[in-house]
**Q** 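The structure follows.
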Amino acid sequence: MYRFFVESSQIGEENISITGADVNHIKNVLRMRVGETVLISDGQDREYTCSISELSDEEVIAKIEDVNGPERELSVQVTLFQALPKSDKMETIIQKMVELGAYEIVPVRTKRCVVKLDDKKAGKKTERWNAISLSAAKQSKRGIVPKVTEPVSFKTALEQAKNLDLILIPYENAENMEYTREIIREIKPGMSVGVFIGPEGGFAPEEVEAATDAGAKEITLGRRILRTETAGMALMSAIMFLNEE
């Protein structure tokens, strides 16, 4: 069943109005017809089962048949602080992290990042990244669309992370896998968790030190060195597995 996201202002007592690019997608790509069933989310983890009642060039009207409460979101809110990777790796990271249940994604400029974005490029990239998040949220039937922020400095990222219950920073020089297991097992429903992932060249030692000074837990993901596009997914998978209801 196809899924679409709307703003709360588009939801009435009996009907939901779908506008924008989704109208063309419903009419001309999916070729849906009046009477077909769709899932619509308000982006706040509330899902509506609807039947299409009207189709026009500018709007699709869907009649509300049933309302479901929170169902698909993890009980833990995970924010990924991802150092900017090369080429289009960020797009893959966003897509897969949204599928796995990440709550928010914050691109971070670190000392060893190769990618340099000016304000104009950063704005366009952020728009593209959020479109990928929306697409992945639809595909995986998420209750929300995880936000991808504009890139921030490592210092700013640490300041943001201080408001979270737990900060994790996988580091290639870290040891003691059992310690990592203990830390991950301590993550409980309702907690907010920040995950810092370095770029292709890894974090600079002074960045790891600054993170631990800010309260981050330095952990290992095993004996193998994981690529930047793999590390976050590996840790997110473990968190998801232990906290999926």
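Note that the numbering runs from 1 along the sequence shown for the chain.
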**Q** Do NZ/NE/NH1/NH2 and the carboxylate oxygens of Glu47 and Lys141 come within less than 4.0 Å?
**A** no
**Q** Rounded to the nearest 0.5 Å, what separates atom CD1 in Ile184 from atom CG in Leu235?
**A** 5.0 Å
**Q** Step through the shown structure and confirm whether more than 12 heavy atoms of other residues, nucleotides or ligands are within 6.0 Å of CD on Glu7.
**A** no
**Q** Could you tell me whether the side chain of Arg142 and the main chain of Val98 form a donor-acceptor pair under 3.5 Å?
**A** yes
**Q** If we only count heavy atoms from C-beta on, is the Met97 to Val195 side-chain gap below 4.5 Å?
**A** no
**Q** Are Leu30 and Leu39 connected, step by step, through hydrophobic side chains (Ile, Leu, Val, Met, Phe, Trp, Tyr) whose heavy atoms are closer than 4.5 Å?
**A**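 Leu30 and Leu39: separate clusters.
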**Q** If we ignore hydrogens and angles and just use 3.5 Å, is the side chain of Asp165 paired with the main-chain N or O of Val193 as donor and acceptor?
**A**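 No; zero donor-acceptor contacts below 3.5 Å.
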**Q** Any side-chain donor-acceptor pair under 3.5 Å between Ser17 and Glu59?
**A**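 Ser17 vs Glu59: donor-acceptor pair found between side chains.
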**Q** Do you know the tightest heavy-atom contact between Pro85 and Met90?
**A** CG-N, 3.6 Å
**Q** Looking only at non-hydrogen atoms, find the nearest pair between Glu218 and Ala174 and report the distance.
**A** OE2-CB, 3.7 Å
**Q** So which atom in Glu58 and which in Val23 form the shortest heavy-atom distance, rounded to 0.1 Å?
**A**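 Shortest heavy-atom contact: O-CG2, 3.7 Å.
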**Q** Using a 6.0 Å cut-off, check whether atom NZ of Lys27 has over 12 heavy atoms from anything other than its own residue.
**A**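 Result for NZ/Lys27: enclosed.
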**Q** Quick check against the 3.5 Å criterion: does Glu200 have a side-chain atom that pairs as donor or acceptor with the backbone of Lys86?
**A** yes
**Q** Measuring only between side-chain heavy atoms, which start at C-beta, is Leu242 closer than 4.5 Å to Ile187?
**A**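 Side chain of Leu242 against side chain of Ile187, heavy atoms only: no contact under 4.5 Å found.
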**Q** Between atom NZ of Lys125 and atom CD of Glu127, what is the distance when rounded to the nearest 0.5 Å?
**A**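 Spacing of NZ (Lys125) from CD (Glu127) equals 12.5 Å.
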**Q** Measuring from Lys63:NZ to Ser53:OG, what's the distance to the nearest 0.5 Å?
**A** 8.0 Å
**Q** Mind listing the closest non-hydrogen atom pair of Thr228 and Gly198 along with its distance?
**A** OG1-O, 2.6 Å
**Q** Between the side chain of Ser41 and the main-chain N/O of Gly143, is any donor-acceptor distance below 3.5 Å?
**A**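 Yes.
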**Q** Do Met236 and Leu74 have side chains that get closer than 4.5 Å, going by heavy atoms?
**A** yes
**Q** Identify whether the distance between the nearest side-chain nitrogen and carboxylate oxygen of Lys111 and Glu206 falls below 4.0 Å.
**A** yes
**Q** Tell me, yes or no, whether the heavy-atom count around Lys120 atom NZ, taken from other residues, nucleotides or ligands under 6.0 Å, exceeds 12.
**A**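 Atom NZ in Lys120 is not packed in, count stays at 12 or less.
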**Q** Does a side-chain heavy-atom distance below 4.5 Å link Thr126 with Pro151?
**A** yes
**Q** Is it true that, when you exclude Asp119 itself, more than 12 heavy atoms of the residues, nucleotides or ligands shown sit nearer than 6.0 Å to its CG?
**A**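 Atom CG in Asp119 is not crowded, with 12 or fewer foreign heavy atoms closer than 6.0 Å.
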**Q** If you measure from the Lys or Arg side-chain nitrogens to the Asp or Glu carboxylate oxygens, is any gap between Arg185 and Glu178 under 4.0 Å?
**A** yes
**Q** Would Glu99 and Ser140 count as having a side-chain donor-acceptor pair, cut-off 3.5 Å?
**A**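 Absent: no donor and acceptor within the cut-off.
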**Q** Can you tell me if Ser135 and Gln95 form a side-chain donor-acceptor pair at under 3.5 Å?
**A**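 No pair is found: no donor N or O on one side chain lies under 3.5 Å from an acceptor on the other.
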**Q** State plainly whether one hydrophobic cluster holds both Leu100 and Leu166, where clusters connect Ile, Leu, Val, Met, Phe, Trp and Tyr through side-chain heavy atoms under 4.5 angstrom apart.
**A**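 Leu100 and Leu166: one cluster.
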**Q** I want to check a possible cation-pi pair here: Arg46 against Tyr48, using under 6.0 Å from ring centre and within 45° of the ring axis as the test.
**A**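 Judged by the rule (NZ or CZ under 6.0 Å from the ring centre, within 45° of its axis), Arg46 is not positioned above Tyr48.
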**Q** Which atom pair, heavy atoms only, marks the closest approach of Leu158 to Ala214?
**A**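 Shortest heavy-atom contact: CD2-CB, 4.4 Å.
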**Q** Should we say atom NZ of Lys89 is surrounded by more than 12 heavy atoms from elsewhere, each under 6.0 Å from it?
**A** yes
**Q** To the closest 0.5 Å, what do you measure between CZ (Arg128) and CD1 (Ile132)?
**A** 4.0 Å
**Q** Once ring-ring contact (aromatic ring centres under 6.0 Å, His included) is applied, what residue pairs with a partner in residues 192-218 remain, sequence neighbours excluded?
**A** Phe81-Phe196, Phe154-Phe196, Phe154-Phe203
**Q** Determine the minimum heavy-atom distance between Leu55 and Ile26, stating which atoms define it.
**A**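 That would be CD2-CG2, 4.1 Å.
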**Q** Could you give me the CA-CA distance, side-chain angles and deciding distance for Glu207 and Val108, then say whether side-chain contact (heavy atoms from CB on, under 4.5 Å) is met?
**A** CA-CA 12 Å; Glu207 290 173 330; Val108 183; over 6 Å; no
**Q** Could you measure the distance from the CZ atom of Arg223 to the CE atom of Met177? Nearest 0.5 Å is fine.
**A** 10.0 Å
**Q** I'd like to know if Met240 and Ile144 are part of one continuous hydrophobic network [Ile/Leu/Val/Met/Phe/Trp/Tyr, side-chain heavy atoms within less than 4.5 Å].
**A** no
**Q** Could you give the distance from CG (Leu80) to CD1 (Ile94), rounded to the nearest 0.5 Å?
**A** 9.0 Å
